[in-house]
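Scroll down for the structure; my scribbles are underneath it.
Note that these values count all heavy atoms, side chains included, but never hydrogens, waters or copies made by symmetry. First the proteins, then the strands, lettered A, B, ... as listed; each starts at 1.
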Amino acid sequence: MKFQAPRGTNDVLPSEAMQWRQIERAFEHVMGGMGYGEIRTPMFEEIELFRRSSGETSEVVSKQMYDFHDKGDRHLALKPEGTAPAIRAYLEHSLAQPGQITRLWYFTPIFRYERPQKGRYRQAHQAGIELIGSSSPAADVEVIEAAVRFYEAIGLKDLTVLLNSIGRAEARIKYCQLILDKLSSWLPGQPLESQQRAEKNPLRLLDSKDPSIQAELVGLPSIFESLEPESLAHYRKVERLLERAGISYVQDPTIVRGLDYYNDTVFEIQSSALGAQSSLCGGGRYDGLIQQLGGPTTPAVGFGAGLERARIAREAAGFPLEELSVDVFVAGEPLTESETEAWVRLLRQSGLSATYDFDLRDLKRQLKMADRARATFVILVGPEEISTGVFKIKTMAESRQDEIPREQVVSWLQSRRPRAET
RNA sequence: GCGGAUAUAGCUCAGGGGUUAGAGCGCCUGUCUGUGGCACAGGAGGUCGUGGGUUCAAGACCCAUUAUCCGCCCCA
């Protein structure tokens with residue numbers, strides 16, 4: 001019996017793990033710099049939390065949750081997204097202070113039972129932020145800008161920010177009716193799939209790839225004509241502030257989001273490197289969610305970013321996998337075994353990474369090992385060095401060798417190491 | 001959940017019923033006695049995804065199953 005990782009899950013091996021750490025660190029750094037604090041929430045929650053927040057009819061809740069009953073017969077679900085748990089914790093611990101703004105970031109695995117594809121997995125990782133307590137368009141823009149700055153920080157270019165407004169519930173209902181009216185004579189003969197879609201969320205018909213639907217929708221007025229004046233003004237202000245921030249965007253009426261809690265501003269950031277799963281990140285404003293979860297009426301905005309997709313896009317953009325490396329390989333001889341070990345220990349305690357050959361085979365072989373291990377330096381610890389107190393240090397990439405007195409070795413290495421620990 | 005493709009060495013891939021299954025890269029060893037990379041020579045490594053079936057004979061054909069990829073759907 002051979003085991004393999006469950007469908008739609010991935011092992012992350014050391015060289016790829018380094019990419020992950022860079023991405024996570026960049027996220028933490030960007031969000032920290034904007035005044036966000038980290039929040040960590042459990043891997044699973046009461047299933048009801050997600051039903052109440054994302055909406056019963058959303059695909060995520062109705063079909064894709066990993067849910068289970070525990071031994072106490074609690075009905076739980078592995079979290080399929082990051083916002084609802086963060087808000088739950090925000091309310092549970094009374095982080096809310098009247099009139100104050102709360103900024104949170106998180107990094108979490110998420111779970112969805114879906115058919116896997118590149119960029120779509122059953123366990124994925126999501127990083128996101130929630131800006132709670134402001135209804136200002138400036139808050140929307142801060143959140144969008146945070147996402148953009150994060151992608152810049154990890155070196156991704158050629159991204160597209162897609163922006164839309166879906167207004168408030170009443171405007172949305174009105175607009176959906178418009179869509180249904182437009183399709184009323186056409187819909188009855190259509191596949192069940194389209195009909196169900198029309199029933200659950202007519203807005204979703206807008207981003208259908210079916211050309212016949214698109215043909216039917218020609219001439220449909222823009223959602224902006226149905227928006228309440230406040231929503232429209234909010235949207236226009238977001239546009240102006242984005243321009244002022246130097247963030248280019250494309251207004252896209254097909255961005256409607258799959259989770260029910262959004263209102264007004266919705267956005268996605270896309271990369272062309274990702275095939276069908278082109279969305280790197282999605283978010284928007286959710287002024288009704290906190291009340292829905294039992295809190296006071298509180299406006300909020302946020303986004304969730306898929307990190308697998310960020311990593312794939314980064315790889316497609318030509319970022320190579322990092323090679324594992326060590327700073328120093330200590331080459332010794334059987335005669336100098338204890339001194340060799342002592343050097344390894346000293347270097348490690350001095351903050352340099354160091355390894356050596358346990359078997360202390362011949363020098364040629366040890367140099368080869370050092371090469372394989374991508375050591376920056378090799379220090380030779382032989383009888384000669386020990387008696388004279390002057391050590392030979394090879395800088396591998398430059399094939400050069402320096403002779404350094406014992407007491408200067410550590411500082412010599414530290415000052416020449418390519419880059420400090422990241 | 002629907003449609004399609006793929007699975008052979010650590011990696012990328014050839015082989016399409018008939019002796020001991022191949023290449024490139026990687027890995028190991030030697031040429032090389034305190035000096036890596038390069039070159040040359042040699043070597044290790046495969047129950048051909050898994051389980052059944054057809055056949056004198058299956059890596060190849062058939063069925064099932066698992067996984068990955070592409071499109072739909074959905075979204076991160």
Side-chain angles (χ1 to χ4, degrees), chain A residues 1-10 13 15 54 57-64 79-83 107-128 147 191-194 196-197 200-201 204-205 207-210 255-259 266 268-271 274-283 302-313 321 329 331-333 335-336 357 360-385 391-401:
Chain A
M1 176 70 186
K2 261 191 180 168
F3 292 106
Q4 47 190 160
R7 180 161 213 213
T9 66
N10 293 105
L13 306 181
S15 58
S54 300
T57 59
S58 72
E59 194 91 357
V60 169
V61 163
S62 60
K63 295 183 184 159
Q64 300 179 343
K79 52 173 136 169
E81 57 105 24
T83 295
F107 168 71
T108 179
I110 58 167
F111 304 87
R112 292 184 196 174
Y113 192 87
E114 291 188 271
R115 185 145 170 177
Q117 247 179 58
K118 188 173 194 168
R120 184 168 86 183
Y121 305 100
R122 290 183 174 180
Q123 174 176 344
H125 296 80
Q126 195 172 80
L192 201 61
E193 196 185 296
S194 300
Q196 286 173 345
R197 205 147 143 179
K200 276 161 64 173
N201 187 351
R204 300 222 63 86
L205 291 165
D207 65 357
S208 170
K209 283 169 193 158
D210 180 348
I255 301 296
V256 298
R257 311 298 308 150
L259 307 176
V266 289
E268 274 183 29
I269 297 180
Q270 298 201 344
S271 158
L274 289 166
Q277 314 302 325
S278 61
S279 178
L280 279 173
C281 144
F303 74 79
L307 296 187
E308 277 79 3
R309 292 181 186 180
R311 203 195 61 73
I312 292 167
L321 281 185
F329 186 95
E333 294 182 21
L335 274 175
T336 63
D357 177 17
L360 298 171
R361 288 168 290 193
D362 57 71
L363 181 62
K364 180 182 175 59
R365 190 172 197 120
Q366 292 191 49
L367 280 166
K368 201 172 231 170
M369 285 178 80
D371 197 45
R372 298 291 137 80
R374 299 187 163 268
T376 309
F377 305 106
V378 173
I379 177 167
L380 304 191
V381 181
E384 191 188 315
E385 284 79 8
F391 290 79
K392 296 198 176 74
I393 299 177
K394 241 176 122 61
T395 305
M396 295 298 271
E398 298 168 30
S399 307
R400 88 174 221 213
Q401 195 158 289

Checklist entry - Going 5' to 3' along nucleotides 66-76 of chain B, which nucleotides have protein heavy atoms under 4.0 Å from the base (write B), which only from the sugar-phosphate (write S), and which from neither (write -)? => result SSSSSBBBBBB
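The pair A:E81-A:R112 does not meet the salt-bridge criterion, since no charged nitrogen lies less than 4.0 angstrom from a carboxylate oxygen.
For A:P383, the side-chain contact (heavy atoms from CB on, under 4.5 Å) partners are A:E333, A:L335, A:T336, not counting sequence neighbours. A:E114 is linked by a salt bridge (Lys or Arg N to Asp or Glu O under 4.0 Å) to A:R120, counting only residues two or more places apart in sequence or in another chain. Scanning for side chain to side chain donor-acceptor pair (under 3.5 Å) contacts around A:Q117 gives A:Q277, with sequence neighbours left out. When the side chain to side chain donor-acceptor pair (under 3.5 Å) test is applied to A:K392, the partners found at least two apart in sequence or on another chain are A:E384.
Rounded to whole angstrom, the span from the CG atom of A:L363 across to the C1' atom of B:U35 amounts to 5 Å. A:D371 places its CG atom 12 Å from the P atom of B:G26, with the value rounded to the nearest Å. Atom CG in A:L335 sits about 12 Å away from atom P in B:G34, given to the nearest Å. B:U35 atom P lies 15 Å from atom CZ of A:F329, rounded to whole Å. The separation between A:K368 atom NZ and B:G26 atom C1' is 13 Å, rounded to whole Å. The CZ atom of A:R400 sits 19 Å away from the P atom of B:G36 (whole-angstrom rounding). A:E384 places its CD atom 12 Å from the P atom of B:U35, with the value rounded to the nearest Å.
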Per-pair distances, 0.1 Å, donor-acceptor, side chain in residues 366-380 of chain A, under 3.5 Å, sequence neighbours excluded:
from	atom 1	to	atom 2	distance (Å)
A:Q366	OE1	A:G332	N	3.2
A:Q366	NE2	A:G332	O	2.8
A:Q366	NE2	A:R361	O	2.6

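Evaluation of atom-type donor-acceptor distances gives a pair under 3.5 Å for the side chain of A:K394 against the base of B:U35. Side-chain to base pairing of A:E385 with B:G34: one donor and one acceptor N or O lie within less than 3.5 Å of each other.
Across the P atoms, B:G26 and B:C40 are found 12 Å apart, a figure rounded to whole Å. Of the P atoms belonging to B:U6 and B:A14, the separation is 11 Å, rounded to the nearest Å. Look at the P atom in both B:G42 and B:G24: the space between them is 12 Å, to the nearest Å. Comparing the P positions of B:C62 and B:A5 gives an interatomic distance of 12 Å, to the nearest angstrom. Going from the C1' atom of B:C32 to that of B:A9 covers 30 Å, rounded to whole Å. Rounded to whole Å, the C1' atom of B:G51 lies 15 Å from the corresponding atom of B:A67. B:C2 and B:U65 have their P atoms separated by 12 Å, given to the nearest Å. Remark: the separation of the C1' atoms in B:G46 and B:U20 is 14 Å, to the nearest Å.
Base orientation of B:G45: anti, since the glycosidic angle falls outside 90° of 0.
Atom CZ of A:R115 is separated from atom CD of A:Q64 by 13.5 Å, given to the nearest 0.5 angstrom.
Checking the phosphate oxygens (OP1, OP2) of B:G36, a side-chain nitrogen or oxygen of A:K364 falls inside 4.0 Å.
A:Y113 is listed as a side-chain neighbour of A:R122, based on a closest heavy-atom distance under 4.5 Å.
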